[in-house]
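Below: one structure, written as structure tokens.
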Amino acid sequence: MPTERFQFTGEGGHQLAAALELPDGEPAAYALFAHCFTCGKDTLAAKRISVALATKGIAVLRFDFTGLGSSEGDFANSTFSSNVADLVRAADHLRDARKAPSLLIGHSLGGAAILAAAGRIPDATAVVTIAAPSDPAHVTGLFREHIDNIRAQGEVEVSLAGRPFRIKREFLDDVAEHELMKDITGLHKALLIMQSPVDDTVGIDNATKIFVAAKHPKSFVSLDHADHLLAKPADALYAADMIAAWASRYIDTARRSKTMELPDEPRKVVVQETRKSKFNQMITVGPHRLVADEPVSAGGADAGPGPYDLLLAGLGACTSMTMRLYADRKSLPLDRVTVTLKHSKIYAKDCEECETREGMLDQIERDIAIDGALDAEQRKKLMEIADKCPVHRTLTSEIRIVTKAVD
């Protein structure tokens, strides 16, 4: 995925270093990511989540707050309020340069800052917090033994994660004065709260307080076994998967509305090489992104399903959907349909009902499990309906594929 690096002017007039993770194709939506306290845009969690979201079609802007990473300014002069203001500035820059962010994501104190900034970013429709404190003053617990000295001396150097930082009295006053709960109750945006139950830096009770204060729509996802910084790659990737799946209901409303208005217009499927590995492909279908690959045994990296896997998935999905439509129309007590498929090659001579008598044939085995209090006749009818699904009919009829070269 391409990364665009640049600077923009923060609230204090300093140049803030930013990175925009872009998908290979046109972004389905833009997101703004706020990193944790004293971290930076290139911390593992921030980078991994941003890159993972880009593979799903969501462009993500992350940047270093004042005095951190490659940004200008003195960290000692920054406050929670200045971080919030810089987030608004970042959203403004993204709006002017590309497109306004519809998704806001914040990690740890960055999550609290995102909640505080959301009301000032009108284009955003969805907000995600990861291990966020319910009160920004929670961060002072990281240097609680120095608080009295900071208040007495006005400024003290403290060690955070093995690095020295100067904390001023103004920072303490600012976090103490900010009433984050008012921002949460007045959010008026979809909210996803992500938290690990074993986080020993920001306890799970913070997620509870945020969830209770927020209005619907709100959701919670547990990041089981993850640490506060999501240091394990699997934890960051899991968080990205959950964010993308949840946000798909709330972001890119205009495009989804257009699709809904034109139900008879077929959507284009675009497949493009990513060059990440020999066979890796990015599949774009409207606002959706899929990855296709080949298994390692076939020379691929197994980063996604293979072409025949996707073909079988299309047939299986169509089969289940068609059976569901019939069952609902006839008020049948169908609880669930499970379709299991397998593709193989067989000798034509082994297929008694096939017209082709020589060479090899493609064979798809489709096993259908039907759950529900249905009688034998109802089950028989549903199995007949399975063969009437549009994809089944397409695969068993004459197909014309028109191929042409384009510039």
Practice item. Classify the side-chain pair T274/N280 by whether it contains a donor and acceptor separated by less than 3.5 Å. Key: yes
Check your understanding: Is it true that the NZ or CZ of K41 lies under 6.0 Å from the centre of F33's six-membered ring and within 45 degrees of the ring axis?
Key -> no
Please report the interatomic distance [atom1]([X]) to [atom2]([Y]), rounded to the nearest 0.5 Å.
X	Y	atom1	atom2	value
H225	D235	NE2	CG	9.5 Å
Q378	K381	CD	NZ	12.0 Å
I130	L229	CD1	CG	11.5 Å
H14	D64	NE2	CG	14.0 Å
L103	L32	CG	CG	9.0 Å
L395	L311	CG	CG	5.5 Å

Tell me the closest heavy-atom pair linking [X] and [Y], and the distance in Å.
X	Y	value
P333	A373	CG-O, 3.1 Å
A231	R48	O-NH1, 2.8 Å
S108	C36	CB-CB, 3.4 Å
A207	I193	CB-CG2, 3.8 Å
I243	L53	CG2-CD2, 4.2 Å
H107	H228	NE2-O, 2.9 Å

Would you confirm whether [X], through its side chain, and [Y], through its main-chain N or O, come within 3.5 Å as a donor-acceptor pair?
X	Y	value
E21	A19	no
R163	T38	yes
D387	E384	no
R324	L334	yes
S71	A17	yes
R379	I370	yes
K189	A124	yes
S196	D227	no
S320	A317	no
S82	S78	no

Review point. Do any pairs count as a ring pair (Phe, Tyr, Trp, His ring centres under 6.0 Å) and have a residue in residues 38-65, sequence neighbours left out, and if so which ones?
Key: F8-F63, H35-F65, F63-F65
Check your understanding: Would you call R95 and D92 a salt bridge, using N to O less than 4.0 angstrom?
Key -> yes
Would you find more than 12 non-hydrogen atoms of other residues, nucleotides or ligands less than 6.0 Å from [X] atom [atom1]?
X	atom1	answer
M360	CE	yes
K168	NZ	yes
F6	CZ	yes
K232	NZ	no

Any side-chain heavy atom of [X] sitting closer than 4.5 Å to one from [Y]?
X	Y	answer
S102	D123	no
Q195	L223	no
C389	M321	no
Y308	D362	yes
I283	L310	yes
E170	D173	no
P101	L61	no
H146	I167	no

Review point. Can you name the one residue among F75, F165, F37 that meets ring pair (Phe, Tyr, Trp, His ring centres under 6.0 Å) with F171?
Key: F37
Exercise for review: In sequence, state the C-alpha distance, the side-chain angles, and the governing distance for L16 and T66, and then conclude on side chain to side chain contact (heavy atoms under 4.5 Å, CB included).
Suggested key: CA-CA 7 Å; L16 304 184; T66 300; 3.8 Å; yes
Review point. Checking side chain to side chain contact (heavy atoms under 4.5 Å, CB included) for the pair E4/L22: CA distance, chi angles, key distance, verdict?
Key: CA-CA 8 Å; E4 181 179 304; L22 292 164; 4.1 Å; yes
Exercise for review: Mind running side chain to side chain contact (heavy atoms under 4.5 Å, CB included) on L180 and D135 for me, showing each step along the way?
Suggested key: CA-CA 6 Å; L180 188 61; D135 182 348; 5.7 Å; no
Practice item. Go through the steps for K56 and D241 under the test salt bridge (Lys or Arg N to Asp or Glu O under 4.0 Å), then give the verdict. Key: CA-CA 9 Å; K56 301 175 187 301; D241 286 342; 2.7 Å; yes
Practice item. Kindly determine whether D293 and K276 satisfy side chain to side chain contact (heavy atoms under 4.5 Å, CB included), including the steps that lead there. Key: CA-CA 10 Å; D293 206 336; K276 286 186 172 182; over 6 Å; no
Practice item. Pick out which of R366, K388, H392 makes a side chain to side chain contact (heavy atoms under 4.5 Å, CB included) with T319. Key: R366
